[in-house]
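These notes concern the structure reproduced below.
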Amino acid sequence: ANAERSLGMYANTSVVDQLSKSIADLLQNIELEAIEDGLEEDEAEEMAVDAVVLAVAQAFQAAGMIAEYDVLYRMLDR
């Protein structure tokens, strides 16, 4: 609830929209490249999701938010 409030009240809408677009673009890019490399669509999609989660985790790590990085990184061990 606090995160939704913060996002709705304080975040620049265009920055949030750009983040969403960047994530969607990265997902699509990785998935298409993986398919071109011979992977099945399901495997390519899973690979893309994991790669984007890792990219977001690394962004948190670069911002000094190690706990958030750890939580996201652990999602990759599923």
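Predicted, not measured: the structure shown is a model, and the values here were computed from it.
When only modelled atom types and interatomic distance are considered, Gln18 and Ser22 share a side-chain donor-acceptor pair under 3.5 Å.
Rounding to the nearest 0.5 Å gives a distance of 12.0 Å between CD1 of Ile30 and CD1 of Ile35. To the nearest 0.5 Å, atom CG of residue Asn2 and atom CE of residue Met9 are 11.0 Å apart. Note that the CG atom of Leu32 and the CD atom of Glu41 stand 9.0 Å from one another [nearest 0.5 Å].
Using a 4.5 Å heavy-atom cutoff, the side chains of Asp17 and Lys21 are not in contact.
There is no path of hydrophobic side-chain contacts, each under 4.5 Å, that joins Val71 to Leu54. Side-chain heavy atoms closer than 4.5 Å link hydrophobic residues (I, L, V, M, F, W, Y) into clusters, and following such links, even through other members, never connects Leu27 to Val16. Grouping the Ile, Leu, Val, Met, Phe, Trp and Tyr side chains by contacts below 4.5 angstrom, directly or via other members, places Met65 with Val52. Residue Val49 is grouped with residue Leu19 when hydrophobic side chains (ILVMFWY) are merged at heavy-atom distances under 4.5 angstrom, including chains of intermediate members. Under the 4.5 Å side-chain contact rule for hydrophobic residues, Leu7 and Ile23 do not share a cluster.
The shortest non-hydrogen separation linking Leu72 to Val53 is O-CG1, 3.6 Å. The heavy-atom pair separating Glu31 from Ala48 by the smallest distance is N-CB, 3.8 Å. Of all the heavy atoms in Tyr69 and Gln58, the pair that sits closest is CD1-N, 4.0 Å.
Screening Glu45, Glu46, Met47 against Leu39 for a side-chain contact (heavy atoms from CB on, under 4.5 Å) leaves a single residue, Met47.
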